[in-house]
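Structure first, then comments.
Each chain gets a letter, A, B and so on, in the order the sequences are listed, and its residues count up from 1.
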There are 2 protein chains.
Amino acid sequence: MSLLPKQKVYQGVLDEIRGFIEKNKLNAGDKLPSERELAEKLQAGRSSIREALRALELLGLIETKAGEGTFLSTYRPFQTVELLSSFILQESNTREDLFLSKRIIEKEAAKLAFDRFTDQDFEEMYRMIDDTYEHPNDRHVAFFNFIFMKTGNLLLARIWHLMEKFSHTIKRDVYDPSFYRELVRLYTEHDYVSIENLFSKQES
Amino acid sequence: MSLLPKQKVYQGVLDEIRGFIEKNKLNAGDKLPSERELAEKLQAGRSSIREALRALELLGLIETKAGEGTFLSTYRPFQTVELLSSFILQESNTREDLFLSKRIIEKEAAKLAFDRFTDQDFEEMYRMIDDTYEHPNDRHVAFFNFIFMKTGNLLLARIWHLMEKFSHTIKRDVYDPSFYRELVRLYTEHDYVSIENLFSKQES
DNA sequence: AGTTATAGGTGGTCTGACCACCTATTAATT
DNA sequence: AATTAATAGGTGGTCAGACCACCTATAACT
């Protein structure tokens, strides 16, 4: 008796598709093989292929146009998030993990970006801080998005963005207004070591 | 000509299912109607029902057991984050991002776990360090897996595992053997602040 | 009563059939 | 010849029906 639950076909298809994208170095906008072609190539029924594709579509990873084909899309989580938020039963453990993880990543990004700012960048950050937003969280997103871009670490940025989207639907998680200003101040004064402390103070 | 793209059947099914759950006040663990029953009730083909259910399953919102039925599950974003991350990971061309991010997460986990060790834990960690492994990376994985478990942050652990899996296939990323021993020493001597430095030294 | 068949329900999967839609090629029209 | 119209083939969207493997409760047997 195996402890491994046998993998469903559509799960395998997911892996295969991922492999295909990697192997062929596909980028956003590129076309995937047709459903019928995939079915033949992967030795699976078209319905199984579709189950995998539909799931990917719901996650916003692919776009499908009737009569044309299936295409890799630039990742936009909005539809996923919206769907999830309507289903979500909040589980405190999960929530805490999420917020804690997000904060860690924000902190490390803030440190990574430390020596990559110009005077013009500081101006722009102050401007973002002073701007008025519809939702307080928009400031947070704009501000940290700027920082993440400065780190040049796209992966970290994407993961953060993902976490941001997920946490956003559950509860507001905005830092104290003075926080942002203080962070920029640390940047301008080249005070690296205090960044860690600044984030620690934000523990709620 | 309508600007609204006509909704696909499985999208509608998603809405119907959500409505069904709400209307009948279903909680985690409760059973959904069978696929055939839903197909009849919603006037749709079973394959369309399945496309919706598979998407929900991938999102971690439902669980299906062959021969039994489909059940509401407690919501865990881990699965989703994992899947999305796996796509995001392969997309980012720079593998350096991956290693840097992984190291950051390992470092923060090491700090999170700081005050959660017992003397027995230290013994176990030393044992893991001294064990012989087939691959050097196995030690790394075993050691940090232990640390991640101690943090109690399952989300962070999963993301790390994912990164580990990806990086593993590309290039070995093992710390200096003395590193692990030194980390445990910092734990035993309650030297929190030196953890950050220890990881910095590992910069290659 | 306890055990063993058994029948029916359930998800898992495949196949084949249409439909609506898009595009490129071809044919018809001017 | 240039333009337009018809067409054929590919693509996703959807359905119906067929098996299979698996589970469970019931019925039959000992």
* Asked: Given the rule in the side chain to side chain contact (heavy atoms under 4.5 Å, CB included) test, do Leu156(B) and Ile104(A) qualify, once you have shown the distances and angles that lead to the verdict?
  -> CA-CA 10 Å; Leu156(B) 217 53; Ile104(A) 283 174; 4.1 Å; yes

* Structure fact -> In the 5' to 3' direction, the nucleotides of DNA chain C bounding the stretch that comes under 4.0 Å of a heavy atom in chain A are dG12(C) to dT23(C)

Taking only distance into account, with no hydrogens and no angle test, what donor-acceptor pairs under 3.5 Å do side-chain atoms of residues 122-129 of chain A form with protein atoms, sequence neighbours excluded?
none

* Charged N-O contact under 4.0 Å between Lys8(A) and Glu57(B) -> yes

* Are the charged groups of Glu108(B) and Lys107(A) less than 4.0 angstrom apart, N to O? -> yes

* Is there a donor-acceptor contact under 3.5 Å from the side chain of Tyr180(B) to the main chain of Asp130(B)? -> no

* **Under 3.5 Å donor-acceptor, Asn24(A) side chain and Leu26(A) backbone** => no

Pairs: protein N or O with nucleotides 15-18 of chain D N or O, under 3.5 Å:
{"unit_1": "dC15(D)", "atom_1": "OP2", "unit_2": "Gly45(B)", "atom_2": "N", "d": "2.9"}
{"unit_1": "dC15(D)", "atom_1": "OP2", "unit_2": "Ser48(B)", "atom_2": "OG", "d": "2.6"}
{"unit_1": "dC15(D)", "atom_1": "O5'", "unit_2": "Gly45(B)", "atom_2": "N", "d": "3.3"}
{"unit_1": "dA18(D)", "atom_1": "N6", "unit_2": "Arg46(B)", "atom_2": "NH1", "d": "3.4"}

* Asked: If you measure only the distance, is there a donor-acceptor pair under 3.5 Å linking the side chains of Glu182(A) and Tyr175(A)?
  -> no

* Asked: Does one side chain, of Thr118(A) or Asp121(A), offer a donor that lies under 3.5 Å from an acceptor on the other?
  -> yes

* **d(CD, Gln11(B); C1', dT14(D)) in whole Å** => 14 Å

* Structure fact -> Glu51(B) CD to dG13(D) C1', in whole Å, measures 8 Å

Can you give each donor-acceptor pair under 3.5 Å made by side-chain atoms of residues 28-42 of chain B, sequence neighbours left out, with the distance rounded to 0.1 Å?
{"unit_1": "Asp30(B)", "atom_1": "OD2", "unit_2": "Asn27(B)", "atom_2": "N", "d": "2.7"}
{"unit_1": "Ser34(B)", "atom_1": "OG", "unit_2": "Glu37(B)", "atom_2": "N", "d": "3.1"}
{"unit_1": "Glu35(B)", "atom_1": "OE1", "unit_2": "Arg46(B)", "atom_2": "NE", "d": "2.9"}
{"unit_1": "Glu35(B)", "atom_1": "OE1", "unit_2": "Arg46(B)", "atom_2": "NH2", "d": "3.0"}
{"unit_1": "Glu35(B)", "atom_1": "OE1", "unit_2": "Arg50(B)", "atom_2": "NH1", "d": "3.3"}
{"unit_1": "Glu35(B)", "atom_1": "OE2", "unit_2": "Arg50(B)", "atom_2": "NH1", "d": "2.8"}
{"unit_1": "Glu35(B)", "atom_1": "OE2", "unit_2": "Arg54(B)", "atom_2": "NH2", "d": "3.2"}

* Asked: Which angle, to the nearest 10 degrees, lies between the helix axes at the two ends of the helix from dA1(C)-dT30(D) to dT30(C)-dA1(D), each defined by five pairs?
  -> 20°

* To do: Using ring pair (Phe, Tyr, Trp, His ring centres under 6.0 Å) as the criterion, list what pairs up with Tyr133(A), not counting sequence neighbours.
  => none

